[in-house]
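Excluded from the calculations below are hydrogen atoms, water molecules and symmetry mates; all remaining heavy atoms, backbone and side chain alike, are included.
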Amino acid sequence: MSAKPKAQPPLRPSTARSLKRRIFVVDDHPIVRAGLVQLINNEADLEVCGQGEDAQNALRAIRDASPDLALLDVSLKDSDGLELAKDLKGHLPHLPILMLSMHDEALYTERALRAGARGFLMKEEAPQTLIAAIRKVLAGGVYVSEKMNANLLQGMARGKRAGAQLPMDRLTDRELEIFRLIGDGKTVKEIADALFLSVKTVESHREHIKDKLNIRTSAELLRFATQNALPGGRD
């Protein structure tokens, strides 16, 4: 008489948890961050393994947590999500990054991809769109909206960047971040402190911004930045 097959023991809680893909969330608004964490943790195959609100601390925490994906806001507390994405790709080149923002996707999608992200999503999208984007990036894909996918392909076909018609597209990522902070009403000294730059460097960037946008005075730049730096409001 053959022996009965032994029953397999149930998965231990730690083993069950290890089957989930681990997400690190970086957003400088506590309420928004809490909503993202709850949304992700409600999924059977996903869990949040850490949170951050600024680039400097998030970089260190992400390296310690070793997540499967980093979900980054474009605009962080006194810092820049694009620069964080670049730093992460330097330290953790195989870490998938998905960026989200209230900012205009036409202005930031291509910049996010150039910074090393594998996707960009507007915060106005439905929650399940975010979950679908996370799963697509985790699976090795790239997520952008259908509209931006068409724009990027058209830009490639024309041999130029899709957002070249936008005035702010003339700016480098660093200049765009300074432009955004000018629009927030920050002084040169405050910008320098926030971005760990010298005042002289920020002033030089400001002059380059004025030249590229064909703006003559700092007062005109402030007005233009206030009106145009943050489409849809600060995220």
Criterion salt bridge (charged side-chain N to carboxylate O under 4.0 Å, His left out) on Lys200 and Glu203, from CA distance to verdict
CA-CA 5 Å; Lys200 184 176 180 180; Glu203 289 176 339; over 6 Å; no
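- Partners of Ser66 under the side chain to side chain donor-acceptor pair (under 3.5 Å) rule, at least two apart in sequence or in another chain, do not exist in this structure.
- Using a 4.5 Å cut-off on side-chain heavy atoms (C-beta onward), Arg174 and Leu197 make contact.
- Partners of Val142 under the side-chain contact (heavy atoms from CB on, under 4.5 Å) rule, at least two apart in sequence or in another chain, are Leu113, Arg118.
- Between Phe179 and Leu221 there is a side-chain heavy-atom pair separated by less than 4.5 Å.
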Leu59 and Leu88: CA distance, side-chain angles, deciding distance, side chain to side chain contact (heavy atoms under 4.5 Å, CB included) verdict
CA-CA 7 Å; Leu59 176 61; Leu88 284 172; 3.6 Å; yes
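- Considering every non-hydrogen atom in both Arg22 and Ala65, the closest pair reads NH1-O, 2.9 Å.
- Between Ala225 and Ile182, the shortest heavy-atom distance links the atoms CB-CG2, 3.8 Å.
- Asp80 contributes a side-chain N or O that, together with a main-chain N or O of Leu82, makes up a donor-acceptor pair within less than 3.5 Å.
- Residue Ile134 holds its CD1 atom at 4.5 Å from CD1 of Ile131, rounded to the nearest 0.5 Å.
- With sequence neighbours left out, the salt bridge (charged side-chain N to carboxylate O under 4.0 Å, His left out) criterion links Glu124 to no other residue.
- Of all the heavy atoms in Val74 and Ser101, the pair that sits closest is CG2-CB, 3.5 Å.
- In terms of the salt bridge (charged side-chain N to carboxylate O under 4.0 Å, His left out) criterion, residue partners of Lys212 (sequence neighbours excluded) are, by chain and number, Glu175.
- Annotation: side chain of Glu125 is not in contact with side chain of Leu130 (no heavy-atom distance under 4.5 Å).
- Asp211 pairs by the side-chain contact (heavy atoms from CB on, under 4.5 Å) definition with nothing, not counting sequence neighbours.
- Contact check for Arg180 versus Ser75: side-chain heavy atoms found under the 4.5 Å cut-off.
- Glu190 is linked by a salt bridge (charged side-chain N to carboxylate O under 4.0 Å, His left out) to nothing, counting only residues two or more places apart in sequence or in another chain.
- Contact check for Tyr108 versus Glu110: no side-chain heavy atoms found under the 4.5 Å cut-off.
- Atom OH of residue Tyr143 and atom CG of residue Leu121 lie 5.5 Å apart, to the nearest 0.5 angstrom.
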Given side chain to side chain contact (heavy atoms under 4.5 Å, CB included), test Thr172 with His208 step by step and report yes or no.
CA-CA 10 Å; Thr172 66; His208 291 156; over 6 Å; no
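- The minimum heavy-atom distance between Leu213 and Arg170, with the atom names listed, is CA-NH1, 4.1 Å.
- Taking the side chain to side chain donor-acceptor pair (under 3.5 Å) definition, one finds that Arg33 meets it with Gln51, sequence neighbours left out.
- For Thr217, there are no side chain to side chain donor-acceptor pair (under 3.5 Å) partners at least two apart in sequence or on another chain.
- The main-chain N or O of Leu95 is found under 3.5 Å from a side-chain atom of Lys89 such that the two form a donor-acceptor pair.
- Sorted by first and then second residue, the pairs that involve residues 126-138 and meet side chain to side chain donor-acceptor pair (under 3.5 Å), not counting sequence neighbours, are Glu43-Arg135, Asp45-Arg135.
- With sequence neighbours left out, Asp68 forms a salt bridge (charged side-chain N to carboxylate O under 4.0 Å, His left out) with Arg21.
- Going from atom CG of Leu72 over to atom CD1 of Ile97 covers 5.5 Å, rounded to the nearest 0.5 Å.
- Here the closest heavy-atom approach between residue Phe24 and residue Gly52 is recorded as CE2-N, 3.7 Å.
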Show me the donor-acceptor pairs within less than 3.5 Å that the side chains of residues 34-41 make with the rest of the protein, sequence neighbours left out.
| from | atom 1 | to | atom 2 | distance (Å) |
| --- | --- | --- | --- | --- |
| Asn41 | OD1 | Val48 | N | 2.8 |
| Asn41 | ND2 | Val37 | O | 3.4 |

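- A salt bridge does not link Arg60 with Asp64: none of the charged nitrogens is closer than 4.0 Å to a carboxylate oxygen.
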Would Leu195 and Val202 count as a side chain to side chain contact (heavy atoms under 4.5 Å, CB included) here? Give the steps.
CA-CA 9 Å; Leu195 300 181; Val202 174; 5.8 Å; no
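- In this view, Glu220 and Arg216 satisfy the side chain to side chain donor-acceptor pair (under 3.5 Å) rule, not counting sequence neighbours.
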Before you tell me yes or no, could you show the steps for Leu171 and Ile209 under side chain to side chain contact (heavy atoms under 4.5 Å, CB included), namely the whole-Å CA-CA distance, both residues' side-chain angles and the distance that decides it to 0.1 Å?
CA-CA 7 Å; Leu171 307 181; Ile209 293 169; 4.2 Å; yes
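- The backbone N or O of Leu76 sits nowhere less than 3.5 Å from a side-chain atom of Asp73 that would complete a donor-acceptor pair.
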